[in-house]
Amino acid sequence: MTDTLCLHAREVLLPDGWGKQVRIVIEDGSITSIVPQSLPQPGDERHAVLLPGLPNLHSHAFQRGMAGFAETRGPGADSFWTWREAMYRFVGRIGPDDLTAVAALAYVEMLESGFTRVGEFHYLHHDRDGQPFGDPAEMSLAIMAAAEASGIALTHLPVFYAHAGFGGLAPHEGQRRFIHGLDDFARLLEGVRAAAAYLPDSIVGIAPHSLRAVTADELSALSDLAGEAPIHIHIAEQVREVEDCLQWSGARPVEWLFEHAAVDRNWCLVHATHMTEAETMILATSGAVAGLCPITEANLGDGIFPASSFLAAGGRYGIGSDSNVRIDATEELRLLEYGQRLSLRQRNVLAAGVGASTGEALWRGALKGGGQALGDHEAGIAIGRPADLVSLDTEHPSLWERRNAQLIDGLIFAAGQPAVDCVWRRGRKVVSGGRHIARDRIAQIYRTALAKMLI
Ligand code: NGQ
Ligand code: ZN
């Protein structure tokens with residue numbers, strides 16, 4: 001028997017514009033009909049505004065468990081690198097069930113903020129002592145269990161990590177849970193691909209961790225393994241990383257990558273913060289996506305992405321919650337724009353042109369680029385697509401008297417997450433009145449796991 005749901009909304013953000021008085025039919029989780037200018041029919045569930053759910057293209061879910069624990073000043077100048085030491089200490093505490101507990105809460109919060117798919121850049125593979133689990137995919141299965149419990153769509157990105165620095169340096173102790181050779185990585189990937197077949201709408205990609213963690217030969221073997229699947233890499237996030245790369249190779253990270261890999265639309269370059277004008281142009285014209293994580297980049301003191309020239313050259317971007325120190329889609333988008341405003345001393349930098357709304361450009365940009373990066377190329381409200389939807393609470397004062405794009409501007413720049421009302425994933429309403437339906441249970445499990453991990 002077909003499971004049918006009919007929604008009716010006053011305004012809907014469709015791929016080619018704003019639909020008015022739209023009736024959407026959803027059968028077994030997929031959209032089968034979209035008819036604008038329709039009257040609601042008896043039994044339709046009525047909403048004021050519907051937006052497509054956003055992709056969150058970069059997450060390390062486990063880091064949600066240490067949110068706020070690395071904000072105390074240390075003896076020297078604190079930096080990305082001192083934060084990383086704190087993060088490595090936390091890594092030592094996490095077992096498979098803990099990972100499911102932490103990731104499930106993170107995914108619940110993502111859904112509550114309007115993210116309906118997550119790209120999990122997953123490198124916590126082995127047991128605490130660095131030995132592989134009996135099933136090498138154990139920790140990936142823990143992530144899949146969290147995706148299933150929350151309902152979020154998963155693009156799983158198993159990470160290849162082999163070295164501690166440029167030039168194939170041996171990994172250090174703190175990295176022992178991450179490490180693979182190419183053969184055991186291929187086995188992991190096989191296990192992950194087999195398991196993902198049982199998780200609806202899941203996609204499996206590959207992630208060479210960074211140019212610090214892979215050699216040129218490994219990188220080319222990994223591109224072969226990826227085939228047409230998404231391939232993600234951290235790059236040029238910190239100035240020191242750029243300096244080390246220059247010293248090692250004579251080239252900057254993005255420059256080096258383009259010389260050594262066929263970077264195309266299957267690629268996502270995460271951060272890409274520190275680029276010259278020439279690197280910005282080559283990335284923008286490659287068709288690859290820049291994976292921007294504004295909250296984490298601010299938290300870690302990374303720098304500001306050159307968005308203005310990147311967009312002018314036709315570059316594609318998406319957003320990611322990365323360290324999950326805060327999980328809030330509207331805040332990521334707001335901070336993306338505000339970083340540009342602060343550095344350029346201008347306004348409406350990311351808007352698509354004269355008379356165009358910044359908020360709508362941000363939502364559409366993150367939808368298109370994030371979908372592409374996560375291997376979900378047609379993300380949006382369209383026939384044949386899973387019904388991954390967000391409704392807004394137009395009773396929120398920041399949305400009163402707003403129409404069309406003004407609603408998204410009101411959401412991103414004024415109301416923020418409190419104006420997110422319901423979220424559907426594959427036609428199932430997983431968030432209602434701003435709360436995930438399993439929040440209490442998942443939060444309780446998280447609380448117990450966290451207390452145990454911190455002992
Ligand atoms: C990560 N996070 O893999 O979690 C990294 C830190 C590294 C960010 N880059 C570790 N934000 O890059 O070595
Ligand atoms: Zn990352």
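Both ligands and their constituent atoms are indexed starting at 1 by order of listing.
A centroid separation of 6.0 Å or more is found between the aromatic rings of H232 and H58.
With a cut-off of 2.8 Å, the Zn ion (ligand 2) has an N, O or S atom of H58 in range. Note on H271: not counted as a metal contact of the Zn ion (ligand 2), no N/O/S atom lying under 2.8 Å.
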* **Verdict with supporting geometry, H234 and E241, side-chain hydrogen bond (donor to acceptor under 3.5 Å, both in side chains)** => CA-CA 11 Å; H234 288 124; E241 182 188 349; over 6 Å; no
* Derivation and outcome, salt bridge (charged side-chain N to carboxylate O under 4.0 Å, His left out), residues R252 and E279 -> CA-CA 9 Å; R252 302 167 58 86; E279 289 177 303; 2.8 Å; yes
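With hydrogens and angles ignored, the 3.5 Å screen pairs a side-chain donor or acceptor of T82 with a backbone N or O of S79. Between the E237 side chain and the T273 main chain, no donor and acceptor come within less than 3.5 Å of each other.
Here the angle at the Zn ion (ligand 2) defined by NE2 in H60 and NE2 in H234 stands at 110°, rounded to 10 degrees.
Taking a heavy-atom cut-off of under 4.0 Å, ligand 1 is surrounded by H60, Q63, F80, W83, R84, M87, Y123, H209, R212, H234, E237, H271, L300, D322.
In this view, Y338 and F413 satisfy the ring-ring contact (aromatic ring centres under 6.0 Å, His included) rule, not counting sequence neighbours.
When only modelled atom types and interatomic distance are considered, Q175 and Y123 share no side-chain donor-acceptor pair under 3.5 Å.
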